Amino acid sequence: MTVFNEASNEASNEASNEASNEASGAASRLAGALARSVGGPVLRPDDTGFADELASFQLALRHRPDLVVGARDTADVRAAVRLAGEYGVPLTVHSTGHGMGLAADSGIVLTVRRLNGVVVDPVERTARVEGGATWGEVAAAAAPHGLVPPGGSMAGVGAVGYTFGGGIGLLGRSDGWAADLVRSFTVVTEGGEERRVDERDSERFARLRGTGPLPGEVVTSMTIGLLPEGTLQGGGLTFDIGASDAEGDPGVLHAFREWTAGVPDELTSTLRVMAFPDGDFLPPPLRGRRIARVAIALRGTAEDAGRLVAPLRKAAETIEDTLAPMAYTDAARVHDEPDTPGPYIGENVLIDTLDPTALETLARSNGHPMVIMNIRHLGGALARPPVVPDTVRGRDARYLVAAVSLVDPEVSVTDPAATHEQASPAWALEPFVPARVGVSPGFSVGPRGKN
């Protein structure tokens, strides 16, 4: 048994500080070696551009490294990884898009946003996507060939990091998990070696497609299959279900549950519920109102969309209805999510049934107006077993329920554990927990504790 007391805590803190100081000194000595070996910028905290290099969509976490290295190409990645190992300095990869796992308190942060090349092979219907490219960049490269990637609801999400959690695409029920379409990865290992990882390296390939890289591994590119563009119908139906400070009407939520029980695989949808504050900064229809919005993406014709969505339109009067034909490059309008950085915490549960009582609790809950709830309809192609084994979680789930809450960034970057304890939206998921079959790593975001 280990006994923790004040003296042991002080000793532990002293040891931690000594280790941190030692790592910082090594990083300082490493700066010169990196500057001679890397083509991209090598920046210290006092250098101009240091903060900009570390900019992130997630503002609830902040890197505080001794050095930041902006990789210009794969050679820079290999050099940074190799030298970090030689000098005994920890290295953290800062990916493109929204993903940010844990904030680095020391060592090196390697940014890969400059590695954003996309090469489309229209014959093989694949794209070679570098580690810093976003789904918007992949979609733009694929569009001239009549092809689309299995991207998500926002164009600014990093394509490679998205696949580590499996990747629930805009048309996931029709197209399956993004990880299902990955042909190979290029990985720089802890020793700075570059290797191709595909189904012949079955264990590592399965881990990357669902769980992600281990510490020390850097994925510099992937080759992924593309899909025919087809005809896309997309948009959202928005309903006012009551005042934010009162119990909401669960009717639309029950209608969503009944409706998703019978829609075909070609249709993918998400129900969002949010209570808005009564603020002048909001449009009048949203001020002080509890809103339910159903985001819809369909492979099919406008006539198909009208027929399939009719039950929802009959359930209640909409305050906005944007469902219409659209190009895939405009697909961000389906979920209509904010594209500006913000500080937030996100938790989720994968469930095998949508309990009516849980929906009523969601519609009528009070006291937390800035928690955003999203219920994604899974199943369809997302439920099919993979052709090549992977580590994706959620094939046995019918829905994914995710809760997001805003936090104070000045508090969250100094005390992540306290922020998570005070602002975590996990309370909003409690009514859905009895039906839980798992958790999706791709929808768990934000501070969880001290590093």
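Note that the structure is a prediction, hence the values are computed from the model and not measured.
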Any side-chain heavy atom of [X] sitting closer than 4.5 Å to one from [Y]?
X	Y	answer
V187	T220	no
D352	D396	no
V77	L115	yes
P150	W177	no
V404	V371	no
P277	L282	yes
E410	R62	yes
I375	L400	no

Test side-chain contact (heavy atoms from CB on, under 4.5 Å), reference F239, set D249, T318, V273, output is T318
For [X] and [Y], which heavy atoms make the closest approach, and how far apart are they?
X	Y	answer
G394	L378	O-CD1, 4.2 Å
I319	I291	CD1-CD1, 3.9 Å
F205	V182	CZ-O, 3.4 Å
I372	R272	CG2-CG, 3.7 Å
L253	L271	CG-CD2, 3.9 Å
A104	V109	CB-CG2, 3.8 Å

The criterion is ring-ring contact (aromatic ring centres under 6.0 Å, His included); which residues satisfy it with Y399, sequence neighbours excluded?
H377
P343: side-chain contact (heavy atoms from CB on, under 4.5 Å) partners, not counting sequence neighbours
L59, A60, V407, P409
Could you tell me whether a side-chain N or O of [X] sits under 3.5 Å from a main-chain N or O of [Y], the two making a donor and an acceptor?
X	Y	answer
Y162	G169	yes
T134	G158	no
R128	T223	no
T111	R113	no
T353	D355	no

Would you give the length of the straight line joining atom [atom1] of [X] to atom [atom2] of [Y], rounded to the nearest 0.5 angstrom?
X	Y	atom1	atom2	answer
S365	E247	OG	CD	9.5 Å
I351	F432	CD1	CZ	6.0 Å
H63	F50	NE2	CZ	10.0 Å
L214	L208	CG	CG	8.0 Å
T260	R376	OG1	CZ	14.5 Å
R209	T391	CZ	OG1	8.0 Å

Start with the C-alpha gap between L170 and Y328, add the side-chain angles, then the distance that decides, and say whether side-chain contact (heavy atoms from CB on, under 4.5 Å) holds.
CA-CA 10 Å; L170 186 76; Y328 188 90; 4.2 Å; yes
Using distance alone, with no hydrogens and no angle criterion, decide if [X] and [Y] have a side-chain donor and acceptor under 3.5 Å apart.
X	Y	value
E337	S153	yes
E130	S221	no
S444	N348	yes
E53	H94	no

After noting the C-alpha distance and the side-chain angles of L232 and L171, does the key distance pass the side-chain contact (heavy atoms from CB on, under 4.5 Å) rule?
CA-CA 9 Å; L232 173 64; L171 291 157; 4.1 Å; yes
For R44 and D66, what are the C-alpha separation, side-chain angles and deciding distance, and is it a salt bridge (charged side-chain N to carboxylate O under 4.0 Å, His left out)?
CA-CA 6 Å; R44 302 187 189 194; D66 302 295; over 6 Å; no
Using 4.0 Å as the upper bound for N to carboxylate O, is an ion pair formed by [Y] and [X]?
X	Y	answer
R299	E229	no
R173	D265	yes
R204	E217	yes
D240	R293	no

Given side-chain contact (heavy atoms from CB on, under 4.5 Å), test D390 with R395 step by step and report yes or no.
CA-CA 11 Å; D390 59 27; R395 294 184 188 273; 2.7 Å; yes
After noting the C-alpha distance and the side-chain angles of M326 and R333, does the key distance pass the side-chain contact (heavy atoms from CB on, under 4.5 Å) rule?
CA-CA 9 Å; M326 66 169 54; R333 292 194 288 111; 3.5 Å; yes
Does the plane of the ring in F185 sit parallel, tilted or perpendicular to the ring in F164? Use 30° and 60° as the thresholds.
tilted
Taking salt bridge (Lys or Arg N to Asp or Glu O under 4.0 Å) as the definition, give me every residue that meets it alongside E203, ordered by chain and number, with sequence neighbours left out.
none
